[in-house]
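In what follows, every chain begins at residue 1, and chains take the letters A, B, ... in the order their sequences are listed. All heavy atoms count here, side chains included; hydrogens, waters and symmetry mates do not.
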Amino acid sequence: MKQKTNSAVLIFVLVGFAGISWVANQIFDWKKSLSQAKVAVPTQFYAGMDKFLSNVSWMTLIQWQADDLQMKATGSGDKLYQKLNALTNLDPMFADAYLDGALSLAASNPDQAVSLLQKAIDSGAAANNWKIPFYAGQIRLMNSKDAEAALPYFERAMKTPDVPDYVESTFIHARCVSVNEEPVASMKIWYEYFSRLQGSDADRRRASAATRISEYAESATAALDMQIQATTDADKRAKLSADRLEVETIAKDVASAIPAAPTSLPAI
Amino acid sequence: MDNVMAIARATYWRHASSKALYLLWILLIVLISSATRYDVLSNGRSKVLVVDLGLALIALVAAGSIMVLGMEVPRELRQRIAENLLSKPVGRDQYLIGKFLGTFLFAFGNVVFISVGFMIVLMVSKTPITEDFLLPLIGIVGMMLILASAAALFGTFLSEVPAVIATFLVFWLGHSTQAIAHMSDKMGGAGQFVLRAIYGVLPNLNLLNTRGEFSQSLFANAPSVPWSYAGISVAYALLYAVVLFVTALLVFRRRDL
């Protein structure tokens, strides 16, 4: 009788473990879909204390960065990247670590800075934080001098909630840089933006865009005049004249939006 | 049932009667509240630090309290206290269930004590407290269930120190078993199936750990873990604890005393 009971219990245990295995895998897949961040980083072996340890790591990192001797030593950029990478493995949603770290790395190693911000994007930390893709775009634009590479980051930042106006105007600026600030093309880029801006709340941005268009229109007119004078080809002259007319039309269209006194607003 | 409750009560009061323990818990709450003073050192993240430290310490207190069970059963067997008890009309199952319940209640009481202190610290430091705060605590209770049954199992066939070490290893490595599942996802075919099966059988405490997600939802605008997840994960913990505890009963029944 006792042996029969033990056999029944053994069967219960075996069936129980099989059931548990199935349930655990279902919950694992569910949790994976809930927090993508943890999937993007290697598993840590800190008894579930990762989040708390990320704070400790953050405080020691601040002390390390504040130490001049450490930061001026050779290879400090690589060390900083490794420390930030380890820290963000503990807490993949640690936006301040990504942003402050990327700013510290931007001047010496823009690729590492962008790689850190890309990790933030991959782990989902940028879903509600426009600063992460914006910083990545700025670093590509200003430090790497690669406007083409900056554009996707600005586009991503623009799609993030609560994004400020200047992110879009920075994107427009980056587009102009990507065409080497060629006056006619740049003017058209700004004009497209200007035309899109509607409503009274867009007045300030329209004024800023109109000022930029007017500046580009001046350089475009001067450049086209020189080209028209230099060319002997009638077809080319006609095309250049048509371009000049278009530039004048756009300049006239935006003239009323230009503020009377020079605006103190930054261009981007 | 009376026998079980009598053993549970005796076990609970033996652990809970230590005054030094409550002094230790008060010191832990003071330690959590001291994290609010780290605003400059943490570059304005003291509130995050308070929440993360508080939840980490509650989990440690829960695990530490449960590990007592790993030591309790082998110690009583070694000192022949268990033999005296079992010579009376008390079955081995009743003895182990009583020990389990007493230790679990002791650990639960400690977690409640620290959690209340932690909530007072949060209120004083003006950190927003929502009902979501209960999500990580539910996970900690689930973790206690699994650890208690693991401690009971190890206590039935190991001596004191190895049983505690084994329970501690379950606590430590149980939070990282997802490494096996991630490895299996990179494989295909039979390898994936086998690794996933192994993963499922192990005590996956990480499934119950929503402390990071809670903190991120509070401070990083990350989506919060739904209540349904907390409910299902704790049901998983309960199921795991039952199966593991029945295994412990089976081993204890066969043990030669």
Visitor: Before you tell me yes or no, could you show the steps for B:R211 and A:D50 under salt bridge (charged side-chain N to carboxylate O under 4.0 Å, His left out), namely the whole-Å CA-CA distance, both residues' side-chain angles and the distance that decides it to 0.1 Å?
Guide: CA-CA 10 Å; B:R211 300 189 288 275; A:D50 313 7; over 6 Å; no
Visitor: One pair to check against side-chain contact (heavy atoms from CB on, under 4.5 Å): A:F52 and B:V51. What are the steps and the verdict?
Guide: CA-CA 9 Å; A:F52 164 63; B:V51 170; over 6 Å; no
Visitor: If we only count heavy atoms from C-beta on, is the B:D52 to A:M49 side-chain gap below 4.5 Å?
Guide: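 Not in contact.
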Visitor: Can you tell me if B:R92 has over 12 outside heavy atoms packed within less than 6.0 Å of its CZ?
Guide: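 Correct, the count exceeds 12.
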Visitor: Looking at B:P226, B:G54, B:G44, B:G174, which makes the most heavy-atom pairs under 4.5 Å with chain A?
Guide: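 The answer is B:P226.
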Visitor: For a quick test of reading the model, state the closest non-hydrogen atom pair linking A:A24 to B:Y199 and the distance between them.
Guide: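 Taking every non-hydrogen atom into account, O-CE2, 4.1 Å.
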Visitor: Using a cut-off of under 4.5 Å on heavy-atom pairs, state which of A:V23, A:L53, A:V9 scores highest against chain B.
Guide: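 If we count pairs closer than 4.5 Å to chain B, A:V9 comes out on top.
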Visitor: If I compare all heavy atoms of B:S42 with all of A:W58, which pair ends up nearest, and what's the gap?
Guide: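 Looking at all heavy atoms of both residues, the shortest contact is O-NE1, 2.8 Å.
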Visitor: Heavy-atom count around B:R255 CZ within 6.0 Å, excluding the residue itself: above 12?
Guide: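 Counting other residues, nucleotides and ligands, CZ of B:R255 exceeds 12 neighbours.
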Visitor: Walk me through whether A:F17 and B:T247 qualify under side-chain contact (heavy atoms from CB on, under 4.5 Å).
Guide: CA-CA 10 Å; A:F17 272 116; B:T247 313; 3.9 Å; yes
Visitor: Given that the side chain runs from C-beta out, which part of A:F94 has a heavy atom under 4.5 Å from chain B: side chain, backbone, both or neither?
Guide: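 Looking at A:F94, just its side chain touches chain B.
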Visitor: Among B:T177, B:V225, B:D185, B:L244, who wins on heavy-atom pairs under 4.5 Å with chain A?
Guide: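 Ranked by contacts with chain A, first place is B:D185.
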Visitor: Hey, which of A:N25, A:L34, A:D96, A:V13 has the most heavy atom pairs under 4.5 Å with chain B?
Guide: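 Option with the greatest count: A:N25.
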Visitor: Counting heavy-atom pairs under 4.5 Å with chain A, which one of B:L207, B:N221, B:N209 comes out on top?
Guide: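 Ranked by contacts with chain A, first place is B:L207.
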Visitor: If you tally heavy-atom pairs under 4.5 Å against chain B, which of A:G16, A:G48, A:G19, A:P42 wins?
Guide: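 When all of A:G16, A:G48, A:G19, A:P42 are compared, A:G48 has the most.
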Visitor: Non-hydrogen atoms of chain A under 4.5 Å away: do they reach the side chain of B:L202, the backbone, both or neither?
Guide: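 For B:L202, neither part sits under 4.5 Å from chain A.
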Visitor: Return the minimal non-hydrogen interatomic distance between A:S21 and B:A197, and the atom names on each side.
Guide: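 Of all heavy-atom pairs spanning A:S21 and B:A197, the closest is OG-O, 3.1 Å.
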Visitor: Does any backbone or side-chain atom of A:I62 lie under 4.5 Å from a heavy atom of chain B? Answer side chain, backbone, both or neither.
Guide: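 For A:I62, side-chain heavy atoms alone lie under 4.5 Å from chain B.
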Visitor: Can the ring centres of A:F45 and B:W172 be said to be less than 6.0 Å apart?
Guide: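 Here the rings of B:W172 and A:F45 have centres that are no less than 6.0 Å from each other.
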Visitor: Under 4.5 Å, counting heavy-atom pairs only, tell me which of A:N129, A:D91, A:L61, A:D100 racks up the most with chain B.
Guide: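 Of A:N129, A:D91, A:L61, A:D100, A:D91 has the most heavy-atom pairs under 4.5 Å with chain B.
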Visitor: Let me confirm one number: the CE-CG distance from A:M59 to B:L49, rounded to the nearest 0.5 Å.
Guide: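 It is 4.5 Å, given to the nearest 0.5 Å.
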Visitor: Between B:Y229 and A:I27, is the side-chain contact (heavy atoms from CB on, under 4.5 Å) condition met? List the steps.
Guide: CA-CA 8 Å; B:Y229 178 85; A:I27 301 176; 3.5 Å; yes
Visitor: Near B:F157 CZ, under 6.0 Å, is it more than 12 heavy atoms from other residues, nucleotides or ligands?
Guide: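 Counting other residues, nucleotides and ligands, CZ of B:F157 exceeds 12 neighbours.
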Visitor: Using a 4.5 angstrom heavy-atom cutoff, name the option from B:R196, B:R254, B:Q216 with the most pairs to chain A.
Guide: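 With the most close heavy-atom pairs to chain A, the winner is B:R196.
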Visitor: Could you tell me which portion of B:L53 (side chain, backbone, both or neither) has an atom closer than 4.5 angstrom to a non-hydrogen atom of chain A?
Guide: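 Looking at B:L53, backbone and side chain both touch chain A.
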Visitor: At a heavy-atom distance under 4.5 Å, which candidate from B:A222, B:A63, B:S184, B:S215 has the highest pair count against chain A?
Guide: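 Counting heavy-atom pairs under 4.5 Å, the top option is B:S215.
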Visitor: Under the criterion side-chain contact (heavy atoms from CB on, under 4.5 Å), I'd like the reasoning laid out for A:I20 against B:V201: C-alpha separation, chi angles, the key distance, then a yes or no.
Guide: CA-CA 7 Å; A:I20 284 167; B:V201 170; over 6 Å; no
Visitor: Let me know if B:S228 has heavy atoms under 4.5 Å from chain A in its side chain, its backbone, both or neither.
Guide: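 It is both, since atoms from each part get that close.
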Visitor: When you measure from the side chain of B:S176 to the backbone of A:Q44, do you find a donor-acceptor pair of N or O atoms at a distance under 3.5 Å?
Guide: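 Between the backbone of A:Q44 and the side chain of B:S176 there is a qualifying donor-acceptor contact (under 3.5 Å).
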Visitor: Check each atom of A:L10 against the heavy atoms of chain B and say whether the ones under 4.5 Å are side chain, backbone, both or neither.
Guide: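 It is both, since atoms from each part get that close.
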Visitor: Do the non-hydrogen side-chain atoms of A:K31 and B:E213 ever get within less than 4.5 Å of each other?
Guide: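 Heavy-atom side-chain distance check passes, below 4.5 Å.
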